[in-house]
Amino acid sequence: MNFHLTQIPERTVIPRQHGLTMVMDKGLSIREAEDMISISGPYIDVVKLGFGSSFLTPNLEGKLKMYKDLKVPVYFGGTLLEAYLIRGMYKEFRLMLDKFGVEMAEVSDGSITLPHEKKLRIIRELSTQVKVLSEVGSKEEGIIIRPNVWIDMMQKELDAGSWKVIAEARESGTVGIFRPNGKTHVVLINKIISKVAPENIIWEAPQKSQQAWFVKLFGANVNLGNIAPHEVIALESLRVGLRSDTFFQFMDQTKDELNATLEASE
């Protein structure tokens, strides 16, 4: 840190097992990605090349090499695997991972209908090849998955070999664990964490209000995903109480007590 402040929560350090920040790269140039890492690198744990954007990214090999040289794990969005699966090209997907030297993969079924047993088999197979993240939840607005189904899928996917499970919200933050207006499905999340350890879940939370909600619930070291490249340091400020939304979250006294102390010292 650049200067000393008391009552700042302790953050886990890279390579983190929890307190993760997953950044969504939806088409950064190599120069833009380098600039992002130059300022935000200490706070980025993994970069996702969003949805199927890697199929269209010019000089993809150069971009992946840049991330690898800077020691930033990177993976293709789960929608790309779904595009391979719907075309009957699962073997080609695995060969493609090897070709590009990608060491992580996301398994999702937010756009296609994939029997869960088949999804679990894919997780088991891919986890022998790469580190696997699996995503739970639909990308379609209005599709409601019961809490017990969320829990069952998350538990089984972790057991099958997923390093972390991702709770779906899309880059908009308006589906899955959130309502169409961006508000959190509080009951759903409370039921999930009663059965699944929060450190095993990455919560997609692209909006500031959503990020603040999770920091208040779980503390500075909550796993958050779908963070915009220019929002990484802003998120880190939220995590440690240096933004108004979480300003009093980690103080030893309450807001009223601290304000009363300030008034008395004048």
Side-chain angles (χ1 to χ4, degrees), residues 18-28 36 40 43-53 77-79 82 106 108-111 133-151 153-154 164-194 196 198-250 255:
H18 62 101
L20 304 170
T21 294
M22 179 263 278
V23 171
M24 171 84 87
D25 175 345
K26 298 189 290 185
L28 296 176
M36 174 183 70
S40 303
Y43 312 114
I44 296 175
D45 297 279
V46 63
V47 170
K48 171 165 66 175
L49 303 185
F51 27 95
S53 62
T79 302
E82 294 183 49
E106 180 180 311
S108 67
D109 54 355
S111 299
L133 298 164
S134 62
E135 186 174 71
V136 175
S138 174
K139 297 183 184 299
E140 292 189 37
E141 194 172 298
I143 292 184
I144 305 299
I145 301 174
R146 297 190 308 276
N148 65 305
V149 177
W150 278 85
I151 292 166
M153 288 191 295
M154 285 181 163
K164 306 289 181 189
V165 288
I166 301 170
E168 173 71 75
R170 298 195 72 177
E171 67 271 20
S172 61
T174 56
V175 300
I177 54 173
F178 299 110
R179 303 183 187 280
N181 64 2
K183 297 292 185 181
T184 310
H185 276 295
V186 177
V187 172
L188 170 62
I189 290 171
N190 283 335
K191 288 186 176 180
I192 288 173
I193 62 175
S194 71
V196 183
E199 58 267 27
N200 290 329
I201 304 171
I202 298 176
W203 309 96
E204 291 188 341
Q207 300 180 27
K208 182 189 73 166
S209 60
Q210 298 166 348
Q211 298 160 11
W213 190 88
F214 280 111
V215 170
K216 289 176 181 178
L217 181 63
F218 295 114
N221 292 305
V222 59
N223 302 319
L224 296 174
N226 281 11
I227 307 303
H230 62 281
E231 291 290 335
V232 176
I233 289 183
L235 169 59
E236 197 66 22
S237 300
L238 269 179
R239 288 184 182 276
V240 298
L242 292 177
R243 206 167 175 183
S244 61
D245 309 73
T246 55
F247 190 83
F248 292 98
Q249 188 70 20
F250 305 106
K255 176 180 178 179

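This chain uses plain numbering: 1 for the first residue, then up along the sequence.
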(message) Contact between L238 and D245 at the side-chain level, heavy atoms closer than 4.5 Å - yes or no?
(response) yes

(message) Tell me if a side-chain donor or acceptor on N226 pairs with a main-chain N or O of A205 at a distance below 3.5 Å.
(response) no

(message) Could you check whether any side-chain heavy atom of I192 comes within less than 4.5 Å of a side-chain heavy atom of W150, counting everything from C-beta outward?
(response) yes

(request) With sequence neighbours left out, write down each residue that passes salt bridge (Lys or Arg N to Asp or Glu O under 4.0 Å) with K48, or none if nothing qualifies. (result) E106, E204

(request) Taking all heavy atoms of W203 and all of A167, pick out the closest pair and write down the distance. (result) CE3-CB, 3.7 Å

(message) Please report the interatomic distance CD1(I151) to CD1(I145), rounded to the nearest 0.5 Å.
(response) 12.5 Å

(request) Could you go through the side-chain contact (heavy atoms from CB on, under 4.5 Å) check for Y43 and V232 one step at a time? (result) CA-CA 7 Å; Y43 312 114; V232 176; 3.7 Å; yes

(message) Any heavy-atom pair between the side chains of Q211 and I227 that's under 4.5 Å?
(response) yes

(request) Output all residues satisfying side chain to side chain donor-acceptor pair (under 3.5 Å) with N200, sequence neighbours left out; order by chain, then residue number. (result) none

(message) Less than 3.5 Å apart, any donor N or O on the side chain of E82 or S108 sitting next to an acceptor on the other?
(response) yes

(message) So which atom in V23 and which in A228 form the shortest heavy-atom distance, rounded to 0.1 Å?
(response) CG1-C, 4.4 Å

(request) Can you label the angle between the F214 ring and the F178 ring as parallel, tilted or perpendicular, going by 30° and 60°? (result) perpendicular

(message) Side chains of D25 and M36, heavy atoms from C-beta outward: is any pair under 4.5 Å?
(response) no

(request) Please name all residues satisfying side chain to side chain contact (heavy atoms under 4.5 Å, CB included) with A220, sequence neighbours left out, ordered by chain then number. (result) P9, R11, R239, F250

(message) Using 0.5 Å steps for rounding, measure from the CD1 atom of I202 to the CE atom of M22.
(response) 5.5 Å

(request) Report the residues that fulfil side chain to side chain contact (heavy atoms under 4.5 Å, CB included) with H185, sequence neighbours left out, ordered by chain and then residue number. (result) R179, L188

(request) State which residues pass salt bridge (Lys or Arg N to Asp or Glu O under 4.0 Å) with K26; sequence neighbours excluded, sorted by chain then number. (result) none

(message) As an exercise, state the distance from CG of D45 to CG of N223, rounded to the nearest 0.5 Å.
(response) 8.5 Å

(request) Could you grab the distance from atom CG of L235 to atom NZ of K208, nearest 0.5 Å is fine? (result) 12.0 Å

(request) Please collect all salt bridge (Lys or Arg N to Asp or Glu O under 4.0 Å) contacts where either partner lies in residues 210-221, sequence neighbours excluded, each pair once. (result) none

(message) Rounded at 0.5 Å granularity, tell me how far CG in L242 sits from CD in Q249.
(response) 12.5 Å

(message) Side chains of W213 and I189, heavy atoms from C-beta outward: is any pair under 4.5 Å?
(response) yes

(request) Could you tell me whether the side chain of V46 reaches within less than 4.5 Å of the side chain of L20, counting heavy atoms only? (result) no

(request) First locate atom CZ of R243, then atom CD1 of I233, and finally report the distance between them rounded to the nearest 0.5 Å. (result) 11.5 Å

